[in-house]
Amino acid sequence: TEVPATGAIAKNNNVEQLNIFNGQLYFSSQKSTGFIGSIGTGVPTTGSQSISLLNGIPSDSNAYGFVMFDLDPGTPGLDTLYFADSAANAIDKYVLESGTWMAAGSISAAAPTGLTGYIDPSGNVDLFATTGGATAAGGGTLYSFADTTGIDGTVTGTASINTVLA
């Protein structure tokens, strides 16, 4: 079962990650097609919440980890999204324009799944991504990348490998 455009998330929808940004609960799912969306209003505390998919995110993405930021000080609210797309070997950037999330480039990284980041004192977005381990003993890779393009720029480049985890 795929995540519907609206409605409830069933237990078999393969939700990959939950995050709270700007007081709102969000999820990613990549069962057979990828989705990122919000759950309910704010941070729900009861069951049977509706979902809303983020408009403009392609359903063929393989969305795992994701982070959202407010980079435009002139417009309140979240306006920049990055997500780990393991099928595309990339971290994709999207910016919100008139209610639709628009592609704004990608960062090459082999099979990223986990993603986090922060806005540094210069206003750049510093991202950190991980890959899953290939063996029962663990493993994986830790990547980093600084997006200096801001809200209006298209990001390109390759994430640096910080560590190969054993």
Side-chain angles (χ1 to χ4, degrees), residues 3 14-38 52-135 137-166:
V3 175
N14 201 20
V15 171
E16 291 295 335
Q17 185 171 349
L18 295 171
N19 277 317
I20 299 170
F21 299 107
N22 210 23
Q24 176 63 53
L25 180 63
Y26 292 91
F27 74 96
S28 66
S29 173
Q30 57 82 36
K31 177 79 172 169
S32 58
T33 55
F35 298 101
I36 299 174
S38 62
S52 296
L53 299 181
L54 299 185
N55 185 29
I57 305 301
S59 62
D60 64 348
S61 65
N62 201 5
Y64 280 91
F66 63 100
V67 291
M68 301 174 84
F69 300 101
D70 180 358
L71 295 183
D72 183 354
T75 305
L78 300 168
D79 53 36
T80 307
L81 164 72
Y82 299 86
F83 66 88
D85 187 343
S86 64
N89 289 317
I91 300 165
D92 297 325
K93 178 181 178 181
Y94 280 75
V95 295
L96 188 60
E97 296 180 11
S98 302
T100 300
W101 292 93
M102 306 295 291
S106 65
I107 303 155
S108 296
T113 53
L115 185 64
T116 191
Y118 68 96
I119 300 172
D120 70 21
S122 299
N124 300 320
V125 175
D126 293 330
L127 297 168
F128 299 90
T130 58
T131 63
T135 68
T141 303
L142 173 63
Y143 293 103
S144 65
F145 187 88
D147 180 1
T148 60
T149 64
I151 184 70
D152 295 320
T154 300
V155 68
T156 60
T158 301
S160 299
I161 295 176
N162 285 5
T163 305
V164 175
L165 307 169

Please set out all donor-acceptor pairs under 3.5 angstrom arising from side-chain atoms of residues 105-113, sequence neighbours excluded.
| residue | atom | partner | partner atom | Å |
| --- | --- | --- | --- | --- |
| Thr113 | OG1 | Thr130 | O | 3.3 |

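Looking at residues two or more places apart in sequence or on another chain, you find a salt bridge (Lys or Arg N to Asp or Glu O under 4.0 Å) between Asp147 and Lys93. Residues meeting the side-chain hydrogen bond (donor to acceptor under 3.5 Å, both in side chains) test with Asn124, sequence neighbours left out: none. For the ring-ring contact (aromatic ring centres under 6.0 Å, His included) test, no residue two or more places apart in sequence or in another chain qualifies with Tyr143.
For residues 112-122, there are no salt bridge (charged side-chain N to carboxylate O under 4.0 Å, His left out) pairs, not counting sequence neighbours. Residues in residues 91-126 take part in these ring pair (Phe, Tyr, Trp, His ring centres under 6.0 Å) pairs, two or more places apart or across chains: Phe83-Tyr94.
Between Ser86 and Tyr64 the shortest heavy-atom distance is OG-CE1, 3.1 Å. Counting all heavy atoms, side chain and backbone alike, Phe145 lies closest to Thr156 at CZ-O, 3.4 Å. Minimum heavy-atom separation, Thr154 to Thr149: O-CG2, 3.7 Å. Nearest heavy-atom pair across Ser38 and Gln24 is CB-NE2, 3.7 Å. Closest heavy-atom contact between Asn162 and Ser144: OD1-OG, 2.9 Å. Residue Leu115 comes nearest to Ala84 through the heavy atom pair CD2-N, 3.9 Å, listed as atom of the first residue, atom of the second, then distance.
Taken from CG in Asp92 to CG in Asp85, the straight-line distance is 5.0 Å, to the nearest 0.5 Å. The distance from the CZ atom of Phe27 to the CG atom of Leu53 is 5.5 Å, given to the nearest 0.5 Å. Considering CZ of Phe66 and CG of Leu18, their distance stands at 7.0 Å, rounded to 0.5 Å. Atoms CG and CG, from Asp70 and Asn22 in turn, are 7.0 Å apart once rounded to the nearest 0.5 Å. Distance check: Leu71 CG to Thr80 OG1 gives 3.5 Å after rounding to the nearest 0.5 Å. One finds the CG atom of Asp126 at 10.0 Å from the OG1 atom of Thr148 (value rounded to the nearest 0.5 Å).
Between Met68 and Leu54, some side-chain heavy-atom pair lies under the 4.5 Å cut-off.
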As a quick check of understanding, evaluate side chain to side chain contact (heavy atoms under 4.5 Å, CB included) for Ile57 and Leu81, giving each step before the final call. CA-CA 10 Å; Ile57 305 301; Leu81 164 72; 3.5 Å; yes
